[in-house]
Structures are given as C-alpha cells and as structure tokens.
Amino acid sequence: MKSKIYVNEIGYRPDDKKVAVFCGKDAVKYKVFNEAGECVLEKMSQAGILNSATGDEEIKLDFSEVKENGTYTISVENEKSVTFSIQENIYDDVRKSLMRFFFLQRCGTELTKEYAGVYAHPACHNTKARIYGTDEFLEVNGGWHDAGDYGRYIVAAAVTLAALFHAIENDESLLKVDMQIPESGQAMPDILTEIRYELEWMLKMQDKATGKVYHKVTCANFCDFVMPEHETEELIICPFSLTATADFAACMAMAVKFYEPYDKAFADKMAKAAKRAYAVMREIQVPGGFLNPEGVVTGTYEDKNELDEQYWAAAEMYKAFGDELYKNEFENYVNQEVMHGYGWEDVASFGNLAYLSTSYPTDEKIADKLRNAMTEKADALMQKCNANSYEISFDENDYIWGSNMYIAENGSHLFDAYKITGEEKYLVAAKEHVHYIFGKNPCNVCFITGFGTNQVLNPHHRPSAATKQAMPGMLIGGPDSGLHDPDAVRDCMGLAPAKCYTDKLLSYSTNEVTIYWNSALLMLMAQVLN
C-alpha cells in the first residue's frame, strides 16, 4: 500500500514522540483511528514546508498524545496511512531478526534447515586459501559473509563487532536474547557466541610470523546469484593493510572484557593478538592505502586516511590494558585533531568512547576536548534535523551510497551528545533516525527486510536471490543520489536525492545489505530504545 502519509510501519512505544509526514502544502485536518474504527485524535496541522531533499511540500502530523496499546491508522483528506502498532515491546521482533542475520551469514559451516530454514546450505568456502602472489595456502575458514556477496573483510568485520559490543554495553538485555542458533542454551549468551564465530575467523587472518593482518579473503571475482556452496573458485588472501591491522587490534582489545568471564584462555589469546597487531601496524606503509592487487575485483574497502584507525586502536588498547604508551599516542592524535566516525571508513568515534569510558587515568583537558567536539558535531547534525520534515540529520547532499548506515551513525552521534549533556533534544532527534529507517521516509518503505507493510522484496543479496525469498532482518543501503548502478540510473534519474532508491536485485548501490549496516542500527536501537 502506497500512501502520501509516511509513518514508522513497525510502530511506536507508548511514551515516545510520534510524528508522521504528509505531502501537502496547506494546513490539514488529520485523524487517528484505532482498530475498531474509532477516532482517537483529531487535530489541525501547520502548513507544509518545502524539503529540498525530496522536492515536496511536507506537513508534520504529530500524534504523540496517542499512547494506548493498539493498532492504528492516520487519515488526511482521502489519504490513509498503513497500519501501525503502539506497544512497549514493539521492537523486540525486529531486534532479534537483525541479530539473527549474522548467524545466517555464517561461512564455512553447514546451516541446517532446523535453524536456517530455506536459507540452509552445506558448509561453504572450506578449502584453504592462496596467499596472493605466492604458492602458500592458509586455512582461514569461518566468519560471516560480509554483504550481498560472499567475501570476508577485516575492516568490515572489526567495525561490525565494535558496534555490537557497544550495543551490548548500552542494552544488556541483548545478552538474554534467544537467537535460535545451534549453540543456544549454553552458558555463553547467544550474541557473544555469534560474535565469537567472527572473532575466531579474524584471528586466523593474523600472520603468525609477523603479527600483521591480511586485508580480506575472497575469490578474484564476484560470483553469480547462487547459494554460497556454489561459489567454488579459488579463495585468495589479499595482502596486509594498515587499516586491517589497526582495526583488528582495536576490535580484539574491545573483545577481551566480554569473554574473560566465560573463557579466560580465549580472552588472553585475543589480548596477545591485539598487542602484536598494534606493535606492527605502522610497518605496513602503502601509499594511498590498500588497493586490490591485480586480478582481484571484489570489494576493496579502500581508505586513504589511515590515521583514524590508529587513533581508534590506541584508545581501545589503553582502555583494555592501561599501558601509558597507548594513552600517550591517543592523546597526541587528539591534540592534533579530534576525529569522528562510526562507519567502516571513519572509525574514530569508537576511540573517543573508549577513552571517555576507560577505568584507567585520563587527562581531563583531553576528555573535555573530546566531549566538546562530540557535542559540536551533534549540534551541527541538530541544525539539519530542525530543517528537515522527517527530523533527520540529512540535507540534499547526504544521500550517498549506504545512506542508511549514515542515518544510524548520525543517530549515535546525537546520542553521544545526550549522554554528555543530558539534554533530551538529542535523544528525541536520535530516535527519529530509527523511525526513518522503519518507514517514515519519502521512499515509503520499511528498510528492514521482512518488516512493515511496504517491504523490500528484492535485496542485492545472493542467498535471497537464490531462494527467491528476501532474508528477513537486513538493513538495506537506501537512497543514493550518485546513481551508481544501471538500475538506479534507469529508475531514479531525475528524482530528488532522498527518493533515489529502487527495490531491484541488481541495484547494489541502493539495495544491498552488509553486516556493518545491521550492527550500526542495532547499536543505535540499544542506545535510544533501551
């Protein structure tokens, strides 16, 4: 059902702010109806405001007064919204589905029908991989398929786990979620068991002789839209990179405290691996950063600025181990520039959080500098929120490849300011970023597969394509005004930036999925919906 009324299609919690958006110019009367057809709210709106990102006149419909549990619709003139619910635990199912996605992305092991349903498959990618440019082979089985393809990439893995660890820190109820995985019911919580599956693979990607970390393992090319066991080309381990090695050190350092209560030997192994990686990361100097070697065309995760990865690593190493060396190196970075970012390319905000939350001594001037910079960043985002009908921190220039990740990332930056200042406005604004992803957006779609009335049906995701069923619980990329694939050009040419999205299998620039998009959303949800 397509409507000119855009609403969170999953629903709202009773006490949260609730605002829908209607395309129109003049003030309108709007009504909210319950499941029995009774009008529970009738109000007049303000006039519409032109949104440069959508090209539309848009009116906000505030119905925050409606708090009673139930199912509702909103009506304006001849338009009717999709049905949505109000309930305290309204996000439990989508949270669990977002978490189960990681299990369904497992590589190197059999997924049985009992746990994976239609997405079941035999063990895949379980041959040894050739180290690029050599005749040496290494066993690097395991981990998660990164995205719609079957590659496995260290930088993507590290930022995914960092966001999941922060999600757990902000919402410990995640430790109690039954993810319905084969290991459920054991002493270790399911989410930590699943994260460990990725950590075990990452450890295999560290060179035993040097401590450096290989950037990725993939085939030379992307395969067709087949199940993972049918990708049988040679696996190639690509060279070491500074970004992979620094991210690895940061991630392993973060992980130690989560696993010490359950498996001290495993925690010690990660601590040792983190220290080895940190000690050698700067030895990997490649002008311009990592690039695919000749003959390999899979995802590059190219990053020309490698300082933020070192910044993050230094902070996490200090938080985990308390060594003055790590403290001094992080503070030296901050004295030059406070950096930000919760994405795979810009990771520095994880470092900021690590320094501000360590139990070891910190420099109060450095801490104040971080807090001030984090609040200033949030204030810049708030200006965009206040100018946007959807109350998100985007303008017409922000709809780029993976825009939904940046929606989630910006929500986390706003939450940072809320934690620092206690000012409610930041928290309220951060929540609007969740509402956008769940359906309150000009594309009129819930961007989580398997949820909402207007669902994503054709994600750029090989198991979904092979089974002809969109795997549930995946956050897709979202609008990309760059029109980076032929389907985006065909379907979105001439559209306003915020509407440059198409639900087509081959639209990798608007409709793909990846593990670190799911984790970014889980982190935001744990922060603002806890």
Side-chain angles (χ1 to χ4, degrees), residues 7-18 69 84-106 115-117 119 144 159-181 183-185 188-195 197-198 258 342 404-405 407-409 411-412 414-415 427 430-441 445-453 455-456 459 461 470-476 478 513-530:
V7 65
N8 178 336
E9 296 186 5
I10 295 175
Y12 301 84
R13 299 183 306 175
D15 292 330
D16 280 343
K17 177 182 173 182
K18 308 173 191 73
N69 285 358
F84 59 91
S85 296
I86 295 177
Q87 187 178 325
E88 189 59 45
N89 62 350
I90 190 67
Y91 304 122
D92 286 1
D93 288 346
V94 67
R95 180 184 285 111
K96 180 176 178 176
S97 193
L98 288 163
M99 292 168 67
R100 267 184 56 77
F101 169 67
F102 300 104
F103 164 71
L104 294 172
Q105 292 288 101
R106 283 190 189 185
Y115 294 99
Y119 309 106
W144 299 324
V159 75
T160 300
L161 299 194
L164 290 177
F165 286 138
H166 278 292
I168 293 168
E169 286 185 331
N170 282 282
D171 184 0
E172 291 187 354
S173 73
L174 295 177
L175 296 171
K176 299 177 182 178
V177 174
D178 179 355
M179 291 175 58
Q180 296 176 288
I181 59 177
E183 301 87 350
S184 294
M188 186 179 292
D190 286 4
I191 184 64
L192 292 182
T193 297
E194 195 55 52
I195 289 172
Y197 192 80
E198 184 81 335
F258 290 92
Y342 287 119
N404 281 338
M405 181 197 74
I407 290 285
E409 180 180 343
S412 289
L414 290 163
F415 179 78
L427 178 62
K431 290 179 181 179
E432 290 301 327
H433 292 65
V434 178
H435 297 320
Y436 170 93
I437 287 172
F438 288 170
K440 182 193 169 186
N441 59 70
V445 64
C446 177
F447 287 126
I448 310 298
T449 54
F451 289 85
T453 300
Q455 296 189 8
V456 174
H461 179 246
M471 184 182 287
M474 304 188 297
L475 172 62
I476 61 95
V513 304
T514 183
I515 53 176
Y516 56 86
W517 293 346
N518 263 47
S519 65
L521 178 55
L522 281 165
M523 177 175 165
L524 177 60
M525 291 174 67
Q527 291 167 330
V528 305
L529 303 177
N530 182 11

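FYI, the numbering just counts along the sequence from 1. What you are looking at is a predicted structure, and each value in this text was computed from that prediction instead of being measured.
Q527 and S412 get closest at one heavy-atom pair: OE1-OG, 2.9 Å. A526 and D171 get closest at one heavy-atom pair: CB-CB, 3.7 Å. Smallest separation of non-hydrogen atoms from A430 and G411: CB-O, 3.4 Å. Nearest heavy atoms, L174 versus I168: CD1-N, 3.9 Å. Nearest heavy atoms, Q87 versus P14: C-CD, 3.7 Å. Annotation for A520 and M405: closest pair CB-CG, 4.4 Å, computed over non-hydrogen atoms.
Checked by atom type and distance alone, the side chain of S97 never pairs as donor or acceptor with a backbone atom of V94 at under 3.5 Å. Although no hydrogens or angles enter the test, the distance criterion places a donor-acceptor pair under 3.5 Å between the side chain of N530 and the main chain of N170. A donor-acceptor contact shorter than 3.5 Å links the side chain of T449 to the backbone of M474. E198 places no side-chain N or O within 3.5 Å of a backbone atom of I195 that could act as its donor or acceptor partner. Y119 contributes a side-chain N or O that, together with a main-chain N or O of M471, makes up a donor-acceptor pair within less than 3.5 Å. A donor-acceptor pair under 3.5 Å is absent between the side-chain atoms of Q105 and the main chain of W144, judged by distance alone. Using a distance-only test at 3.5 Å, with no hydrogens or angles considered, no donor-acceptor pair links the side chain of D190 to the main chain of I181.
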Would you sort out whether H433 and L414 count as a side chain to side chain contact (heavy atoms under 4.5 Å, CB included), showing the intermediate values? CA-CA 10 Å; H433 292 65; L414 290 163; 3.4 Å; yes
W517 vs I476, test: side chain to side chain contact (heavy atoms under 4.5 Å, CB included). Steps then yes/no. CA-CA 8 Å; W517 293 346; I476 61 95; 5.7 Å; no
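Separation of atoms CD (E432) and CG (L427) is listed at 10.5 Å; rounding is to 0.5 Å. Going from atom CZ of R13 over to atom CD1 of I90 covers 11.0 Å, rounded to the nearest 0.5 Å. Taken from CG in N404 to CG in L475, the straight-line distance is 5.0 Å, to the nearest 0.5 Å. Rounded to the nearest 0.5 angstrom, R100 CZ and N518 CG are separated by 13.0 Å. Interatomic distance, CD1 of I437 versus CG of L524, reported as 7.0 Å (0.5 Å rounding). Going from atom CZ of F165 over to atom CZ of F258 covers 5.5 Å, rounded to the nearest 0.5 Å.
Relative ring orientation between F84 and Y12 is described as perpendicular, the plane-to-plane angle rising above 60° on a 0-90° scale split at 30° and 60°. Under the 30°/60° scheme for interplanar angles, the aromatic rings of Y436 and F447 are found to be tilted.
A salt bridge does not link K96 with D93: none of the charged nitrogens is closer than 4.0 Å to a carboxylate oxygen. Using a 4.0 Å cut-off between charged side-chain N and carboxylate O, E194 and R106 make a salt bridge.
Checked options N8, N441, D16; the residue passing with H435 is N8 (criterion: side-chain hydrogen bond (donor to acceptor under 3.5 Å, both in side chains)).
Between I448 and L98, the closest side-chain pair of non-hydrogen atoms falls below 4.5 Å.
Checked against a 6.0 Å centroid threshold, the rings of F438 and F451 do not count as neighbours.
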